[in-house]
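Below: one structure, written as structure tokens.
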Amino acid sequence: MDKERKKSAKAFKKAERVIPGGVNSPARAFSAVEMDPIFIERGEGAYLYDIDGNKYLDYVNSWGPMILGYNPPQVQKKLKKQLKKGTSFGAPTEVETEIAELIADFYPAVDKVRMVNSGTEATMSAIRLARGYTGRDKIVKLEGCYHGHGDSLLVDAGSGVATLGIKGSPGVTESIAKETIVVPYNDREAAEKVFAEYGSEIAAVILEPVTGNMGVIAPEPGYLEYLRQITRKNEALLIFDEVMTGFRLARGGAQELYGIEADLSTFGKIIGGGMPVGAYAGRKEIMDYVSPVGPVYQAGTLSGNPMAMQAGLATLKELKNKKVYSELEAKGEKLEAGFKKNIEELGFPAYFNRVGSMFTLFFRAKKVKNYQDVKSCRQKLFAAYFKAMIEQGIYLPPSQYEANFISLALSEEDLEKTISANYQALKKIKAEL
Ligand SMILES: *Cc1c(COP(=O)(O)O)cnc(C)c1O
């Protein structure tokens with residue numbers, strides 16, 4: 001029952017000639033699952049349609065933004081309206097203030113917001129601001145967390161970097177990399193040691209409060225509180241990179257879910273509603289350190305672009321209703337119960353992690369709580385599972401080092417279909433173990 005993907009195969013060959021690896025972001029390559037990427041024609045609700053006419057139930061959500069599903073009418077409407085007025089002016093528009101107000105409303109720790117064009121730009125700018133504000137150089141990052149591809153943060157990173165099995169990247173100089181100190185996630189003692197040694201030189205700790213880019217891992221009880229406390233004590237800033245978790249785990253992201261206020265927060269994905277957007281935000285006294293009021297320079301020709309702001313605002317407005325999150329949680333619970341039952345029934349060596357509408361099925365039997373645990377997963381099994389799922393029309397992120405996303409567009413039947421596909425896939429690969 002292999003799906004025919006002739007047009008995709010052809011399109012990929014053509015793309016490879018003019019685009020490195022045939023893709024504009026390495027996460028889209030299917031190298032870890034030894035397949036060619038699938039070329040998409042369109043998306044509608046919970047489904048993606050490829051150029052060969054195959055239909056897939058989607059758990060990638062364009063890597064996070066599409067929490068409402070693909071092509072939501074509320075967003076479409078706003079984009080069409082803006083399109084008639086113009087796509088870019090390079091001058092302020094009212095929609096920029098409106099979306100900033102909404103973000104500040106959702107996040108108690110946020111007074112002011114600066115819009116940029118990607119998550120990468122958001123974290124790069126937040127790091128620069130943290131260094132400028134504190135007058136310190138060193139950054140602490142957690143092993144396996146991914147914060148975009150900025151030089152300072154491309155050290156022991158997750159997502160595509162982990163999938164490709166590389167430690168850092170040529171082109172990131174020694175002198176930059178050495179200002180970044182990497183400690184394991186969920187490890188208080190490691191953080192404590194680093195602060196004992198470098199406390200007065202550390203500008204900030206940056207982390208994914210719930211990780212997605214090494215697969216989904218929740219913070220152990222007290223861990224985030226500990227980081228909040230030790231950064232405060234050492235007068236370093238705590239940066240929550242909520243590019244993935246922001247507006248997804250709760251309206252106020254991981255900060256609302258765990259009751260922690262970060263000094264700086266970075267956003268992306270959902271705030272753009274499927275358009276290229278990022279943002280960094282925080283308390284007034286820190287944010288006012290940014291140009292033009294403050295000395296830390298940061299700018300962008302297309303920042304706050306009206307098309308992008310309209311898509312983001314329309315998406316965030318849908319998330320104003322807190323019921324959205326209980327609905328996502330219910331969907332997550334259903335899927336979790338189904339997957340766990342399958343694992344148990346088949347006696348399959350897998351471990352399921354979920355926080356809200358983010359989850360990862362890890363191919364190892366024992367608990368997964370940090371990057372080393374993820375690295376010990378059986379990648380070949382993951383690849384076999386991915387293939388068995390895609391052949392049943394379920395589109396998952398093509399790497400063990402990623403989060404799966406549940407969107408509001410998924411119906412009860414969609415979830416049931418996924419649970420039974422999961423059973424079939426695990427059964428099939430178990431026979432081949
Ligand atoms: C996706 C992601 C980024 C990078 O965002 P881009 O828009 O891809 O540059 C940064 N941090 C986290 C936590 C992410 O998930």
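Read the numbers this way: they start at 1 and go in the same order the structure lists the ligands and their atoms.
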message: If the cut-off is 4.0 Å to any non-hydrogen atom of G148, which atoms of ligand 1 fall inside it?
response: 3 (C), 4 (C), 10 (C)

statement: The atoms of ligand 1 lying under 4.0 Å from a heavy atom of E208, numbered in the order shown, are 13 (C)

message: Any salt bridge linking D373 with K367? Criterion: basic side-chain nitrogen under 4.0 Å from a carboxylate oxygen.
response: no

query: When you check the gap from the basic side-chain N to the acidic O, do E201 and R136 get nearer than 4.0 Å?
result: no

message: Is the contact between T245 and ligand 1 made by the side chain, the backbone, both, or neither, using heavy atoms and a 4.0 Å cut-off?
response: neither

query: Sub-3.5 Å donor-acceptor pair from the side chain of E261 to the main-chain atoms of Q255, do we have one?
result: no

message: Ring centroids only, cut at 6.0 angstrom: are F363 and Y351 within range, meaning strictly under it?
response: no

message: Taking a cutoff of less than 4.0 Å between a non-hydrogen atom of the residue and any ligand atom, is K269 in contact with ligand 1?
response: yes

- line: heavy-atom search around atom 9 (O) of ligand 1 in the protein gives T120 OG1, 2.6 Å

query: Can you tell me if NZ on K7 sees more than 12 non-hydrogen neighbours from other groups inside 6.0 Å?
result: no

- request: Within a distance under 4.0 Å of any heavy atom of S118, pick out the atoms of ligand 1 and give their elements.
  value: 7 (O), 9 (O)

message: Can you report which non-hydrogen protein atom sits closest to atom 7 (O) of ligand 1, along with the distance?
response: G119 N, 2.8 Å

message: If the cut-off is 4.0 Å to any non-hydrogen atom of M244, which atoms of ligand 1 fall inside it?
response: 15 (O)

query: Distance-only, no hydrogens or angles: does the T180 side chain make a donor-acceptor pair with backbone N or O of S152 under 3.5 Å?
result: yes

task: Just need the protein heavy atom nearest to atom 13 (C) of ligand 1, so name the residue and atom and give the distance.
output: D241 OD2, 3.2 Å

query: Is any side-chain heavy atom of L83 less than 4.5 Å from a side-chain heavy atom of M307?
result: yes

message: Suppose we measure from atom 3 (C) of ligand 1 to each protein heavy atom; which comes out shortest, and what is that distance?
response: V243 CG1, 3.7 Å

